[in-house]
Amino acid sequence: MRSLDDMLALSTWTRELPAEQLRKVRAAIAVRDFDAGACICRKGDPASAWLGVIDGLIKIHSLSPAGKSVTFAGIPAGGWFAEGSVLRGKPFMYDTVALRDSRIAFLPEATFRWLLDTSIPFNRFLLQQLNERLGQFIGMVEHDRLLAPDARVARALAALFNPHLYPDADPQIQISQEELGYLAGASRQRVNRALQVLGKAGLIKVDYGLVTVLDLDGLQRYGS
DNA sequence: TCATTAAATTGTT
DNA sequence: AACAATTTAATGA
């Protein structure tokens with residue numbers, strides 16, 4: 001399992017931070033491990049920290065009153081999230097759950113605001129992150145209405161490998177087809193078929209509980 | 001190390 | 001949604 005320092009080395013916003021400032025940030029971050037299925041934060045919890053996925057995989061999702069689940073985003077190792085709630089100073093609006101055993105970094109709200117007030121590189125990073133996410137969600141609406149199921153699964157999968165949001169060199173992701181279904185808004189059966197199609201097209205390789213991306217660019221543009 | 005079993009995941013209808 | 005097949009992880013000899 002990766003360490004906090006691995007993740008900080010991977011995050012682009014740490015690179016231009018003066019050593020002294022990075023040291024302070026590093027000292028303020030708390031690290032917690034979660035078992036697969038565990039809840040990292042719930043809707044309504046105060047957003048007291050900016051969160052980073054050091055290792056593992058988490059999802060941001062919402063449960064309907066009837067118990068149906070919609071997943072808005074899966075966030076693999078290397079990703080930071082919840083800046084929206086921290087910026088607003090409002091409680092979390094969604095639940096986040098560990099899909100696998102995961103290690104999470106908690107960067108306290110006060111430290112987050114201090115970075116916001118003092119660091120141009122940090123602000124630049126946040127701006128890019130918000131922009132990338134906005135692009136992803138706009139894309140989701142577009143794909144949901146315009147693309148066939150195979151292509152929707154392809155995009156949902158590709159979104160997990162956004163190099164700006166998740167700067168992780170590992171082209172593999174350990175995720176079940178059921179979770180991929182929640183992410184793509186498709187049934188598990190449909191995802192199963194889509195993965196077979198995408199595998200035959202040479203874009204991905206499918207193994208038990210594991211998907212390896214062979215051609216990210218091809219995945220992104222599949223079906224359009 | 002190997003066999004057994006339960007649990008998770010996948011493939012198919 | 002249901003079922004069978006497959007893979008993994010855990011357990012104990």
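Quick note on labels: first sequence line is chain A, next is B, and so on, each numbered from 1.
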Within the structure, does a side-chain N or O atom of [X] lie under 4.0 Å from either OP1 or OP2 of [N]?
X: A/Gln177; N: B/dG11; result: yes
X: A/Gln189; N: B/dT10; result: no
X: A/Asn192; N: B/dG11; result: yes

Whole-Å distance separating the [atom1] atom of [X] from the [atom2] atom of [N]:
X: A/Asp207; N: B/dG11; atom1: CG; atom2: P; value: 10 Å
X: A/Leu210; N: C/dA9; atom1: CG; atom2: P; value: 11 Å
X: A/Tyr208; N: B/dA8; atom1: OH; atom2: P; value: 9 Å
X: A/Glu178; N: C/dT7; atom1: CD; atom2: P; value: 19 Å
X: A/Leu198; N: B/dT10; atom1: CG; atom2: P; value: 15 Å
X: A/Leu195; N: B/dT9; atom1: CG; atom2: P; value: 14 Å
X: A/Gln196; N: B/dT9; atom1: CD; atom2: C1'; value: 14 Å
X: A/Asp35; N: C/dA9; atom1: CG; atom2: P; value: 15 Å

For this session: Answer yes or no: are there more than 12 heavy-atom neighbours, outside A/Arg2 itself, under 6.0 Å from its atom CZ?
Result: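 Yes, CZ of A/Arg2 has more than 12 neighbouring heavy atoms, counting only those of other groups under 6.0 Å.
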Exercise. Taking the six-membered ring where the residue is Trp, are the ring centres of A/Phe122 and A/Trp80 under 6.0 Å apart?
Worked result: no
Exercise. Given the side-chain rings of A/Tyr166 and A/Phe161, with only the six-membered ring counted for Trp, is the space between their centroids under 6.0 Å?
Worked result: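 So the answer is no for these two rings.
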Exercise. Under 4.0 Å between a Lys/Arg side-chain N and an Asp/Glu carboxylate O for A/Arg26 and A/Asp5?
Worked result: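 A salt bridge is present here (some side-chain N lies under 4.0 Å from a carboxylate O).
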